[in-house]
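Please read the structure below before turning to the comments.
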Amino acid sequence: PSYSPNQAAGPPNTQPMGDWATAWATMAEDAGKEWLELDYVPPFIAHQVRIHETYNPGAVVELVLKGEDGREIVRIPVVDTARTSPEWLEVSFDATTVPVHSVRVILNTSKVSGWNEIDAVELVGPTHRAWAEAARASSSFSGTLPAQ
């Protein structure tokens with residue numbers, strides 16, 4: 001559905017800046033902490049996450065990388081200075097020691113006024129890169145959420 005978490009799975013398909021139903025958006029604007037979690041198959045060693053922000057960028061504050069067992073591998077604080085869109089937020093870090101299965105993108109939606117929309121999230125490693133296969137979120141403007 002439009003604005004659902006799965007709009008952020010797969011490669012980017014929202015090119016122009018603006019409020020487009022082809023990106024994920026939270027249920028409410030400026031509501032504070034929200035999250036989008038994406039799954040990658042197969043899991044792999046990673047050293048970068050690339051986030052395609054397409055509307056009101058700048059609200060990402062943290063990434064949480066998880067292994068296949070769902071356990072947290074690492075938390076990465078993020079300083080998102082993007083102010084124009086579409087924009088690629090690239091977050092690099094030391095390569096993980098175990099394969100990454102999911103990435104949770106945490107936003108502070110009250111940091112940047114309006115809906116903060118994300119179109120795609122790419123996971124990058126030394127020998128592999130991938131777009132998410134599936135996604136879920138704390139809320140969605142579509143009102144449709146995959147099972148937690």
Side-chain angles (χ1 to χ4, degrees), residues 1-44 46 48-93 96 99-125 128-148:
S2 299
Y3 300 108
S4 73
N6 276 326
Q7 291 294 340
N13 64 348
T14 306
Q15 293 309 318
M17 176 190 82
D19 180 18
W20 295 98
T22 54
W24 167 70
T26 57
M27 176 59 80
E29 60 183 327
D30 309 330
K33 193 170 255 188
E34 297 273 3
W35 56 265
L36 171 68
E37 188 166 296
L38 307 108
D39 297 331
Y40 300 85
V41 179
F44 59 93
Q48 185 181 56
V49 171
R50 299 178 69 233
I51 303 168
H52 192 224
E53 298 179 279
T54 56
Y55 195 50
N56 297 319
V60 177
V61 295
E62 186 175 38
L63 299 177
V64 179
L65 281 54
K66 298 180 181 182
E68 277 188 279
D69 59 4
R71 292 185 190 172
E72 183 178 308
I73 297 170
V74 64
R75 282 184 177 265
I76 303 161
V78 175
V79 177
D80 187 351
T81 59
R83 294 296 175 257
T84 60
S85 60
E87 182 75 43
W88 283 99
L89 170 61
E90 296 184 348
V91 181
S92 297
F93 43 88
T96 59
V100 175
H101 176 262
S102 62
V103 174
R104 182 172 281 204
V105 179
I106 300 173
L107 298 89
N108 178 354
T109 63
S110 59
K111 182 178 171 191
V112 178
S113 183
W115 271 274
N116 316 106
E117 297 180 17
I118 294 177
D119 175 43
V121 179
E122 183 180 29
L123 184 63
V124 180
H128 193 71
R129 60 191 320 141
W131 302 107
E133 296 282 324
R136 61 205 154 275
S138 54
S139 74
S140 169
F141 189 73
S142 71
T144 304
L145 294 174
Q148 299 296 316

Side-chain donor-acceptor pair present, S4, S142, cut-off under 3.5 Å: no

Distance-only polar pair, side chains of T54 and E117, donor-acceptor under 3.5 Å: no

A side-chain contact here means heavy atoms from C-beta on lying under 4.5 Å apart; do [X] and [Y] qualify?
X    : Y    : value
I118 : V105 : yes
L36  : I106 : no
P77  : E62  : no
T26  : W115 : yes

Selection residues 8-35 - residue pairs positive for salt bridge (charged side-chain N to carboxylate O under 4.0 Å, His left out), sequence neighbours left out: none

By salt bridge (charged side-chain N to carboxylate O under 4.0 Å, His left out) - contacts of E87 (at least two apart): none

Salt bridge (charged side-chain N to carboxylate O under 4.0 Å, His left out) partners of R71, counting only residues at least two apart: D69

Minimal non-hydrogen separation, Y40 against V103, with atom names: CE1-CG2, 3.8 Å

Closest non-hydrogen atom pair, S102 against E37: OG-OE2, 3.9 Å

Lys/Arg-Asp/Glu bridge criterion (N-O < 4.0 Å) met for R104, E72: no

Between CG on residue L89 and CG on residue D80, distance to nearest 0.5 Å: 4.5 Å

